Amino acid sequence: MGERAAGTADSTAELEATIHGGGFWRLVPERVPRMYDPVTEELLERVLDGLRRVAE
């Protein structure tokens with residue numbers, strides 16, 4: 001479990017760095033706000049839960 005948590009933290013940090021570096025903005029229209037909530041474990045879990053519901 002510790003390895004998974006560490007890997008998740010590393011992945012979260014990498015995702016946040018990509019977002020802060022503007023890595024995704026070229027993929028969305030200009031009307032989409034550029035401000036967002038900090039990437040947290042809770043936020044990622046909420047996103048995953050939503051994606052699972054859509055996939056059902």
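Computed from a predicted model, the values in this text were never measured in an experiment.
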(message) Would Leu15 and Leu44 count as a side chain to side chain contact (heavy atoms under 4.5 Å, CB included) here? Give the steps.
(response) CA-CA 11 Å; Leu15 176 60; Leu44 291 175; 4.2 Å; yes

(request) With side chain to side chain contact (heavy atoms under 4.5 Å, CB included) as the test, would you mind laying out the steps for Val54 and Leu51 before giving the verdict? (result) CA-CA 5 Å; Val54 170; Leu51 291 172; 5.5 Å; no

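Summarising the geometry, atom CD belonging to Glu16 is positioned 10.0 Å from atom OG1 belonging to Thr18; distances are rounded to the nearest 0.5 Å.
The pair Arg52-Asp49 meets the salt-bridge criterion, with a side-chain N (NZ, NE, NH1 or NH2) lying under 4.0 Å from an Asp/Glu carboxylate O.
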